[in-house]
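Following: one structure in structure tokens, then a few remarks.
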Amino acid sequence: MAFPDDFVWGVSTSAFQIEGATREGGRGVSVWDTFCATPGKVRNGENADIACDHYNRFPEDVALMVELGVKAYRFSVAWPRIQPTGHGEVNVEGLDFYDNLVDALCEAGIAPVTTLYHWDTPQPLEDNGGWLVRDTAERFAEYAQILGERLGDRVEMWIPLNEPMVETLFGYALGEYAPGKALLFDAMPAAHYQNLAHGLAVSALRAAGAKNVGTANNHSPVWPASQDEGDLTAARHLGAVINWMYSDPVLTGKYPDEVIPYLPSDYADDLPKIAAPLDFYGVNYYEPQGVAKPGEGNPLPFELRPIEGYPLTTNDSPVVPDGLREFLSTLKNRYGDALPPVYITESGCSFDGVHDRQRIDYHTEHLAALEKAMSEGVDVRGYFVWSLLDNFEWSKGYQPRFGLVHIDYETLSRTPKDSFHWYRGVIGGAR
Ligand code: FCB
């Protein structure tokens, strides 16, 4: 494989999934703390109170990244560490934590890539309506300004929100993730207000001196069950809901027609803010999504179908490397020159054990698909493995293991897996 010399090899994590120390350093309560404490929501009643204890052990994790040789580290900031109630006064201890992390990365020669929000909304903001109300987007802009002012001199890439689609779908439409609301299509304002939060944060970050602002949107190629008109229509509808509702407004200043009926009535005034030009477009890729026309009695305009005929991870995700190439090609065709340089801001899989041949195969195949997309003309500048460490995988708790580094959750000791050594070789050009 031949990637350009300046290709950015990285790893990704998120605050809630690794930090632990949920009651330390003046941190406020997040929706995920509340969700974990609600019986029946997370597998085995697990929570992230300790997780990987990264909050206290980050120097060890930075040392691991030095050994790995990554050029960039994508981490998220826990909003409740910075503003425990989601607005107003700043918790200095929280800000200091990220300042120290960023300094440690810079000293190690690793570019800090900062996500402002990876789903851990301060609980008081959720109590006030969360992403279903405009106010949260406005609060988010204030929060972005605080981070931009403090870290803007050192952070090399900024991502306002991680995967607003997943937050909308699983958090507000289906209730499988915090805040656990099952509103189906009434969840759609959450998509719009997150898109608005993105746009307002882009401006706030830039005004505070931050450079290089983009996204990390989750995307899936949509595969219709057949070429029949009914299945194709269902696929168009689903594509609008899971892909284009998040990329179109950001890249073109418009929403796809299919989702307009579900938006807040005054949405159009927000579009110019949402469409602030970006420096890069981040894609998180895991798997395609199958779809068919709705069966009788189904109130939705589509019916989800599993992708069959591919190997599965321990998280039951089908492994479809070419889906990455396919999606990037669709993205390029859809947006043409309006598409900024792309980074794969997440790609990864859950498999057990430290001798994780399957993870090595997974990334080898996804990198081959990526290289193909690049040779077909998609401008891709980097690849971030999800994830550096095994971590708290949301409602599935600690069972799926996504790390290049194994975590023993009893002792919190860290053991690099075979895939860690393999990735170091990739980065070092020793493939
Ligand atoms: C992505 C999330 C990330 C992790 C991976 C497996 O959708 O952004 O936090 O859960 O899936």
Side-chain angles (χ1 to χ4, degrees), residues 10-20 30-32 35-36 41-43 46-48 51-52 54 73-79 113-121 131 159-174 176-178 190-191 194 198 214-221 241-243 246-247 281-289 312-320 323-324 327 343-352 356 358-359 362-363 366 383-405 407 419:
V11 282
S12 249
T13 64
S14 89
F16 192 75
Q17 293 176 277
I18 64 166
E19 282 181 3
S30 81
V31 291
W32 268 97
F35 195 71
C36 292
K41 296 298 185 192
V42 176
R43 185 182 164 274
E46 288 166 351
N47 62 49
C52 308
H54 170 80
Y73 173 46
R74 174 178 172 231
F75 63 94
S76 83
V77 175
W79 192 350
V113 177
T114 305
T115 308
L116 294 183
Y117 174 77
H118 200 124
W119 309 344
D120 42 2
T121 313
W131 289 114
I159 295 165
L161 291 93
N162 180 70
E163 300 185 349
M165 182 280 278
V166 175
E167 174 82 24
T168 305
L169 184 66
F170 289 97
Y172 287 88
L174 302 175
E176 289 173 21
Y177 283 6
Q194 286 180 90
H198 160 88
T215 62
N217 274 335
N218 183 294
H219 284 298
S220 296
V241 169
I242 66 172
N243 290 318
Y246 301 92
S247 50
Y281 191 85
V283 171
N284 295 356
Y285 171 72
Y286 288 92
E287 64 206 277
Q289 178 59 57
L312 297 178
T313 67
T314 62
N315 202 23
D316 292 331
S317 291
V319 177
V320 189
L324 176 59
F327 185 78
Y343 288 81
I344 306 307
T345 33
E346 284 181 28
S347 168
C349 54
S350 63
F351 287 111
D352 292 338
D356 54 343
Q358 288 154 302
R359 179 171 288 102
Y362 181 99
H363 286 293
H366 282 72
Y383 184 82
F384 290 76
V385 169
W386 182 273
S387 182
L388 174 66
L389 309 173
D390 288 342
N391 60 55
F392 177 79
E393 178 52 27
W394 310 113
S395 51
K396 297 204 174 145
Y398 294 99
Q399 187 191 37
R401 289 179 173 270
F402 277 89
L404 296 175
V405 175
I407 300 283
S419 56

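We use all heavy atoms of the structure for the numbers below, so side chains are in, but hydrogens, waters and symmetry mates are not. First listed ligand is number 1; within each ligand, the first listed atom is number 1.
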Please test Tyr177 against Phe35 for ring-ring contact (aromatic ring centres under 6.0 Å, His included), starting from the C-alpha separation and ending with a verdict. CA-CA 8 Å; Tyr177 283 6; Phe35 195 71; 7.6 Å; no
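- No side-chain N or O of Tyr246 forms a donor-acceptor pair with one of Glu163 less than 3.5 Å apart.
- Under the 4.5 Å side-chain criterion, counting only non-hydrogen atoms from C-beta, Phe392 is in contact with Cys36.
- Between the side chains of Gln289 and Ser220, no donor-acceptor pair is found at a separation under 3.5 Å.
- At a cut-off of 3.5 Å, with distance as the only test, no side-chain donor of Tyr117 or Gln194 sits close to an acceptor on the other residue.
- Between Phe402 and the choices Thr313, Asn315, Leu389, the side chain to side chain contact (heavy atoms under 4.5 Å, CB included) rule is met once, by Asn315.
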Any protein N or O within less than 3.5 Å of an N or O in ligand 1? List each pair with its distance, or say none.
from	atom 1	to	atom 2	distance (Å)
ligand 1	7 (O)	Glu163	OE1	2.6
ligand 1	7 (O)	Glu163	OE2	3.0
ligand 1	8 (O)	His118	NE2	3.3
ligand 1	8 (O)	Asn162	ND2	3.0
ligand 1	8 (O)	Glu163	OE1	3.2
ligand 1	8 (O)	Glu163	OE2	3.4
ligand 1	8 (O)	Glu346	OE1	3.1
ligand 1	8 (O)	Glu346	OE2	3.1
ligand 1	9 (O)	Gln17	OE1	2.8
ligand 1	9 (O)	His118	NE2	2.8
ligand 1	9 (O)	Trp394	NE1	3.1
ligand 1	10 (O)	Glu393	OE1	2.8
ligand 1	10 (O)	Glu393	OE2	3.1
ligand 1	10 (O)	Trp394	NE1	2.9

